[in-house]
Novice: 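Quick one: the structure is below, and I'll ask about it shortly.
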Amino acid sequence: MTSTYPAYLIFIGPPGAGKGTQAAMLEKELGLKQVSSGDLFRENLKNQTELGLLAKSYIDRGELVPDGVTISMVQDRMQRPDCARGAILDGFPRTLEQASALDGMLAGQGSRIALVPVLTVDDDALIARLTGRRVCRNCGATYHVVFNPPRVESVCDACGGELYQRSDDSLETVRNRLYVYYKQTSPLIGYYYAKDLTTFIDGSQAIEVVRQALLDAIQTVLHGK
Ligand code: ADP
Ligand code: ADP
Ligand code: ZN
């Protein structure tokens, strides 16, 4: 029996399924760092790095950023000390090539994936979620104008930062992102199902209900309770 830590969780689900919201809520509780590839790209964009500029052209169209740069960006992030106990991967891997690169990396360090929670939500609900999503410009916290509003309109509860709407959350780009998810990312469900790592969670439930379902499933694999 291998040891429980480092523990890696991979949150899979279409854009808007609640991966980021849930990962942010669970990271402290589980002591596992949230690693969001989308947030890493947006940080690079904000800092106007070369990677950020490259990623922007893909993000704006709702396409995936090429595997090579994406894999090395996430691998670098996972080497940092705050990931020593493991991580919640949110938005990575998104292609089979990324998944096999991750397998190689984890095998190299003698660790493994503990669980792959799959959040299911139907397309109409996803569109309503994404078009009403607001994000803090300062800390990246996520809100929804109706389903998860901040206490003060357009102001982040956590840090007081200004909330904005991501340009790729427009209806047109959202439609393409859903298409890209079903075509390129959903095959990962089969990949991890075959390894007996998936657990399916109804992501259309209220945020708190989804949180509890995720926590129960994760605690069971990590601590057998
Ligand atoms: P979502 O809310 O759709 O889950 P993210 O914030 O995770 O969005 O990602 C935003 C965009 O960043 C994606 O549409 C894609 O262009 C890029 N991106 C994020 N993660 C990856 C990845 N693992 N591989 C390729 N591109 C990615
Ligand atoms: P993802 O990271 O999977 O793209 P997010 O966590 O950013 O998704 O959530 C997308 C939008 O839906 C956000 O505006 C968020 O506040 C909202 N949201 C997240 N979970 C729920 C839920 N269970 N019910 C209603 N709205 C939700
Ligand atoms: Zn904030």
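Order of appearance sets the numbers: ligands from 1, and atoms from 1 within every ligand. Hydrogens, waters and symmetry mates play no part in the numbers below; they use all other heavy atoms, side chains included.
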Novice: Are any non-hydrogen side-chain atoms of L64 and T70 less than 4.5 angstrom apart?
Specialist: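 With C-beta onward as the side chain, the pair stays apart.
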Novice: Considering only the protein, which heavy-atom contact is closest to atom 17 (C) of ligand 2, and what is its distance?
Specialist: H144 CB, 4.1 Å
Novice: Quick check: V65 and ligand 1, any N/O pair under 3.5 Å apart?
Specialist: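 V65 vs ligand 1: N/O contact under 3.5 Å present.
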Novice: Which atoms of ligand 2 have any heavy atom of A17 under 4.0 Å away?
Specialist: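 Every atom of ligand 2 under 4.0 Å from some heavy atom of A17: 3 (O), 8 (O).
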Novice: Output the list of atoms in ligand 2 that are nearer than 4.0 Å to some heavy atom of F147, sorted by atom number.
Specialist: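 So the atoms of ligand 2 that pass are 25 (C), 26 (N).
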Novice: If we set the cut-off at 4.0 Å for heavy atoms, which region of R166 has an atom near ligand 1: side chain, backbone, both, or neither?
Specialist: side chain
Novice: Once rounded to 10 degrees, what value does the angle at the Zn ion (ligand 3) take between SG (C139) and SG (C159)?
Specialist: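 With the Zn ion (ligand 3) as the vertex, SG (C139) and SG (C159) sit 110° apart.
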Novice: Does Q184 use its side chain to pair, donor to acceptor, with the backbone of E63 at less than 3.5 Å?
Specialist: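 Looks like no, no N/O pair under 3.5 Å.
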Novice: Out of V210, T21, I12, which residue meets the side-chain contact (heavy atoms from CB on, under 4.5 Å) rule with L119?
Specialist: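 Checked V210, T21, I12 against L119; only one passes side-chain contact (heavy atoms from CB on, under 4.5 Å): V210.
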Novice: Of the protein's non-hydrogen atoms, which lies at the shortest distance from atom 23 (N) of ligand 2, and what is that distance?
Specialist: Q205 O, 2.8 Å
Novice: For Q34, which of K19, E27, M25, K28 qualifies under side-chain contact (heavy atoms from CB on, under 4.5 Å)?
Specialist: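 Passing option: E27.
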Novice: In ligand 2, which numbered atoms sit nearer than 4.0 Å to a non-hydrogen atom of Y143?
Specialist: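 Counting from 1, the qualifying ligand atoms are 13 (C), 14 (O), 16 (O).
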Novice: Looking at atom 8 (O) of ligand 2, what's its closest protein heavy atom, distance included?
Specialist: G18 N, 3.2 Å
Novice: What is the closest protein heavy atom to atom 3 (O) of ligand 1, and at what distance does it sit?
Specialist: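 Its nearest protein heavy-atom neighbour is R177 NH2, 2.7 Å.
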Novice: Answer yes or no: does an N/O atom from D39 fall short of 3.5 Å to an N/O atom of ligand 1?
Specialist: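 No, there is no polar N/O contact under 3.5 Å.
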Novice: How many degrees, to 10°, between C156 SG and C136 SG as seen from the Zn ion (ligand 3)?
Specialist: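 It is 110°, given to the nearest 10°.
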Novice: So, regarding D90 and ligand 2 (criterion: nitrogen or oxygen to nitrogen or oxygen, under 3.5 Å), is there a contact or not?
Specialist: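 In this structure, D90 places no N or O atom under 3.5 Å from an N or O of ligand 2.
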Novice: What protein heavy atom sits nearest atom 20 (N) of ligand 1, and how far off is it?
Specialist: S37 OG, 2.8 Å
Novice: May I ask you to check if ligand 1 and G91 share an N or O to N or O distance below 3.5 Å?
Specialist: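 It does: an N or O of G91 is found under 3.5 Å from an N or O of ligand 1.
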Novice: If you define the side chain from C-beta out and look only at heavy atoms, does anything of L163 sit under 4.5 Å from V135?
Specialist: no
Novice: Do D216 and Q212 have a side chain donor and acceptor closer than 3.5 Å?
Specialist: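 Their side chains do contain a donor-acceptor pair, which is all the 3.5 Å distance test asks for.
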Novice: Would you check if the side chain of R61 reaches a backbone N or O of S57 as a donor-acceptor pair within less than 3.5 Å?
Specialist: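 At least one qualifying donor-acceptor pair exists.
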Novice: Is G132 close to ligand 2, meaning an N/O of one under 3.5 Å from an N/O of the other?
Specialist: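 It does not: no N or O of G132 is found under 3.5 Å from an N or O of ligand 2.
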Novice: Show which atoms of ligand 2 fall inside a sub-4.0 Å distance from at least one heavy-atom site of A206.
Specialist: 23 (N)
Novice: Can you tell me the protein heavy atom closest to atom 7 (O) of ligand 1 and the distance?
Specialist: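 The answer is R94 NH1, 3.1 Å.
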Novice: Can you tell me the protein heavy atom closest to atom 27 (C) of ligand 1 and the distance?
Specialist: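 That would be F41 CE1, 3.6 Å.
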Novice: Looking at R42, which atoms of ligand 1 are within less than 4.0 Å of one of its heavy atoms?
Specialist: 6 (O), 10 (C)
Novice: Would a distance-only check, ignoring hydrogens and angles, find a side-chain to backbone donor-acceptor pair under 3.5 Å from H144 to A128?
Specialist: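 Yes.
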Novice: Checking contacts here: is it the side chain or the backbone of T70 that comes within 4.0 Å of ligand 1, counting heavy atoms only? Could be both or neither.
Specialist: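 Within the 4.0 Å criterion, T70 contacts ligand 1 through side-chain atoms alone.
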Novice: Could you go through D202 and S204, starting from their C-alpha distance and side-chain angles, then the distance that decides it, and tell me whether this counts as side-chain hydrogen bond (donor to acceptor under 3.5 Å, both in side chains)?
Specialist: CA-CA 6 Å; D202 176 4; S204 68; 2.6 Å; yes
Novice: Using a 4.0 Å cutoff against the non-hydrogen atoms of T21, which atoms of ligand 2 qualify?
Specialist: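 That gives atoms 5 (P), 6 (O), 9 (O), 15 (C), 19 (C) of ligand 2.
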Novice: Just jot down the ligand 1 atoms closer than 4.0 angstrom to any heavy atom of Q98, in number order.
Specialist: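 In order of number, 22 (C), 23 (N), 24 (N), 25 (C).
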Novice: Ignoring hydrogens and geometry beyond distance, is a side-chain donor-acceptor pair present between T95 and D67 at under 3.5 Å?
Specialist: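 Result is yes, a qualifying pair exists.
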Novice: Kindly confirm or rule out an N or O of L130 lying under 3.5 angstrom from an N or O of ligand 2.
Specialist: no
Novice: Kindly confirm or rule out an N or O of K19 lying under 3.5 angstrom from an N or O of ligand 1.
Specialist: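 Yes, K19 has an N/O under 3.5 Å of an N/O on ligand 1.
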Novice: Below the 3.5 angstrom mark, is there an N/O of G20, backbone or side chain, next to an N/O of ligand 2?
Specialist: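 Checking ligand 2 against G20, an N or O pair does fall under 3.5 Å apart.
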Novice: Looking only at atom types and distance, does a side-chain atom of S72 sit under 3.5 Å from a main-chain N or O of G68, one as donor and one as acceptor?
Specialist: yes
Novice: Which bit of R133 is near ligand 1, meaning a heavy atom under 4.0 Å away: side chain, backbone, both or neither?
Specialist: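 It is the side chain that touches ligand 1; the backbone stays farther off.
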Novice: For side-chain hydrogen bond (donor to acceptor under 3.5 Å, both in side chains), just list the numbers for N176 and E172, CA-CA rounded to whole Å, side-chain angles, deciding distance to a tenth of an Å, and then say yes or no.
Specialist: CA-CA 7 Å; N176 192 45; E172 194 192 8; over 6 Å; no
Novice: Answer side chain, backbone, both or neither: which part of E63 comes under 4.0 Å from ligand 1, heavy atoms only.
Specialist: backbone
Novice: Quick one, D168 with T173, criterion side-chain hydrogen bond (donor to acceptor under 3.5 Å, both in side chains). Give me CA distance, side-chain angles, the key distance, then yes/no.
Specialist: CA-CA 6 Å; D168 62 337; T173 312; over 6 Å; no
Novice: Keeping S111 on the side-chain end and P6 on the backbone end, is there a donor-acceptor pair under 3.5 Å?
Specialist: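 The answer is no, because no donor-acceptor pair under 3.5 Å joins these two groups.
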Novice: Give me the atom names and distance for the closest heavy-atom approach of P187 to Y182.
Specialist: CD-O, 3.9 Å
Novice: Quick check: R129 and ligand 2, any N/O pair under 3.5 Å apart?
Specialist: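 Between R129 and ligand 2 (N or O atoms, distance only) the closest approach is under 3.5 Å.
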Novice: Does Q22 come within less than 4.0 Å of ligand 2, judged by its heavy atoms?
Specialist: no
Novice: For R137 and Y164, which I'm curious about, is there any donor-acceptor pair between the side chains at under 3.5 Å?
Specialist: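 Note: R137 and Y164 side chains miss the donor-acceptor criterion.
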Novice: Find all atoms of ligand 1 within a distance of less than 4.0 Å from any non-hydrogen atom belonging to I59, and give their numbers and elements.
Specialist: 11 (C), 12 (O), 16 (O), 17 (C)
Novice: Under a 3.5 Å threshold, yes or no: a donor from one side chain and an acceptor from the other, between Y181 and D123?
Specialist: no
